[in-house]
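What follows is a short report on a single structure.
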Amino acid sequence: MSGKVITITSGKGGVGKTTVTANLAVSLALSGDRVVCIDGDIGLRNLDVVLGLENRIVYDLVDVVEGRCRLRQAMIRDKRLPELHLIPAAQTRDKTAVSPSDMVHLCDELKSETDWILIDSPAGIERGFRNAIAPADTILVVTNPEVSAVRDADRVIGLVESDEKGPAKLILNRVNPAMTRRGDMLNAEDVLELLAVDLIGLIPEDDHVVASTNRGLPISLDGKCKAGQAFTNIARRIKGDVVPFLNLDEKPGLLGKISRLIRVGGQ
Amino acid sequence: MPSFFDRLLGKQPKSADLAKDRLKLVLVNDRTDLTQINLEHLKDDIIRVISKHVDVDPAAVCISVAHDGREQRLVANIPLKPAPRKKRSRSRV
């Protein structure tokens with residue numbers, strides 16, 4: 001077994017990196033693959049709470065790197081999904097406690113016993129980001145359809161390119177179909193044209209995400225809602241399946257249809 | 001935010017279109033370190049160098065950054081002035 005390392009990054013904070021990491025980890029584990037996710041955000045850890053594993057932390061990433069515990073001891077096994085493991089970040093240290101080569105060695109050690117290693121990168125383009133992308137085979141850039149998030153995504157895509165990590169793939173998160181329809185939100189086509197990268201995921205804004213995160217149950221555990229389906233689809237694309245993107249343009253009512261007709265005519 | 005009727009009458013562009021146009025310019029600057037001001041300086045320098053060899057119309061020179069995927073290209077369109085010597089020599093004759 002030789003696991004693949006996938007780093008989830010974004011440049012800008014708050015676009016949904018941790019939610020994406022948690023849900024991809026769950027989706028991949030649900031498909032029967034062995035998954036280890038690593039929280040790269042030393043000092044501001046959150047992947048543990050999003051996964052609902054915050055009460056089980058004994059050792060963390062820095063403990064492993066500094067030799068206070070064995071790698072196995074820092075891997076928290078998810079009781080709901082036996083194939084899913086988390087290596088949490090240290091909360092009382094900073095990004096310099098780990099180096100890019102530490103991350104490469106750690107991932108090399110994990111590869112023999114896992115299918116996927118997912119690294120949740122911190123926001124920014126400094127040390128924490130460098131640590132997170134150093135061992136990556138594939139880099140997924142998460143963005144939202146907003147000017148600041150798209151601009152930062154472009155910067156990160158450029159850095160990944162100059163690091164010769166191969167072309168990054170884009171996840172467009174928190175798409176609001178009603179706003180897109182009104183012309184008040186960039187649509188997927190606009191964002192892809194601006195960034196000139198391949199899309200691997202299109203995730204609608206979904207109230208269920210906040211509610212499920214409140215409970216510590218990633219939304220992918222519930223395959224019914226649209227955001228959950230979107231995450232499952234990304235996991236399948238990562239595994240090589242060809243899966244069409246969700247049609248986020250929900251059918252408008254009669255009134256909506258008429259107003260759309262009038263709008264098209266008025267342009 | 002423009003109301004439905006404003007849009008119907010075409011009074012204001014959609015905010016998503018504005019976002020896209022603004023981002024296009026911002027990304028060119030971010031990717032190349034070339035601001036609009038830098039580009040103007042570059043244009044002046046190019047005109048100065050080329051004018052040593054051939055007559056150009058400074059007002060018609062156009063320097064811009066074009067992109068193909070994620071690759072950026074500097075595109076210069078430099079119309080030459082028609083060579084005036086023959087005309088002059090004829091009028092003097």
Side-chain angles (χ1 to χ4, degrees), chain A residues 11-12 125 141 143-170 172 175-198 252 255-256 258-267, chain B residues 1-47 49-50 59-79:
Chain A
K12 187 178 178 296
I125 50 173
V141 173
T143 193
N144 299 155
E146 295 166 19
V147 282
S148 52
V150 171
R151 183 190 198 175
D152 289 1
D154 187 73
R155 182 97 173 91
V156 163
I157 291 165
L159 290 172
V160 167
E161 222 171 41
S162 59
D163 233 40
E164 288 172 5
K165 283 285 178 189
K169 289 182 178 144
L170 193 75
L172 189 57
V175 177
N176 182 323
M179 288 187 75
T180 309
R181 231 174 1 247
R182 283 204 305 272
D184 277 329
M185 183 176 267
L186 291 163
N187 63 33
E189 269 172 40
D190 293 336
V191 176
L192 291 179
E193 187 191 324
L194 287 162
L195 297 178
V197 283
D198 287 339
L255 213 65
I258 292 169
S259 94
R260 270 169 95 182
L261 272 177
I262 294 171
R263 221 179 302 158
V264 170
Q267 277 173 349
Chain B
M1 197 183 288
S3 76
F4 173 72
F5 288 104
D6 284 343
R7 280 211 195 114
L8 198 65
L9 299 169
K11 273 188 183 165
Q12 280 195 45
K14 290 175 181 172
S15 74
D17 294 335
L18 288 176
K20 192 178 175 185
D21 291 343
R22 292 174 60 218
L23 273 166
K24 270 185 190 166
L25 288 176
V26 167
L27 296 189
V28 165
N29 292 350
D30 286 358
R31 287 175 189 171
T32 58
D33 263 348
L34 264 183
T35 62
Q36 214 52 44
I37 296 167
N38 286 340
L39 214 55
E40 284 302 311
H41 290 320
L42 176 65
K43 183 172 146 185
D44 293 343
D45 285 350
I46 289 176
I47 291 170
V49 171
I50 294 186
V61 172
C62 177
I63 309 283
S64 61
V65 178
H67 32 128
D68 179 17
R70 294 192 61 82
E71 279 179 52
Q72 317 287 314
R73 237 173 321 120
L74 195 62
V75 178
N77 191 345
I78 308 171

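Just so we're on the same page: letters track the sequence lines, and every chain starts at 1. Everything numeric in this text was worked out from a predicted model, so none of it was measured.
The heavy-atom pair separating A:Val150 from A:Asn144 by the smallest distance is CG2-O, 3.6 Å. Considering every non-hydrogen atom in both A:Ala168 and A:Val141, the closest pair reads CB-CG2, 3.8 Å.
Ranking B:His67, B:Lys24, B:Arg22 against chain A, the residue ahead of the rest is B:Lys24, based on heavy-atom pairs under 4.5 Å. Ranked by non-hydrogen atom pairs under 4.5 Å with chain B, the options A:Arg151, A:Glu146, A:Met185 are led by A:Arg151. In terms of heavy-atom pairs under 4.5 angstrom with chain B, the leader among A:Leu194, A:Asn187, A:Val191 is A:Leu194.
Using modelled atom types, one side-chain atom of B:Arg70 and one backbone atom of A:Leu195 make a donor-acceptor pair closer than 3.5 Å.
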Could you give me the CA-CA distance, side-chain angles and deciding distance for B:Val75 and B:Val65, then say whether side-chain contact (heavy atoms from CB on, under 4.5 Å) is met? CA-CA 6 Å; B:Val75 178; B:Val65 178; over 6 Å; no
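Within the 4.5 angstrom heavy-atom criterion, only side-chain atoms of B:Arg31, from C-beta onward, approach chain A.
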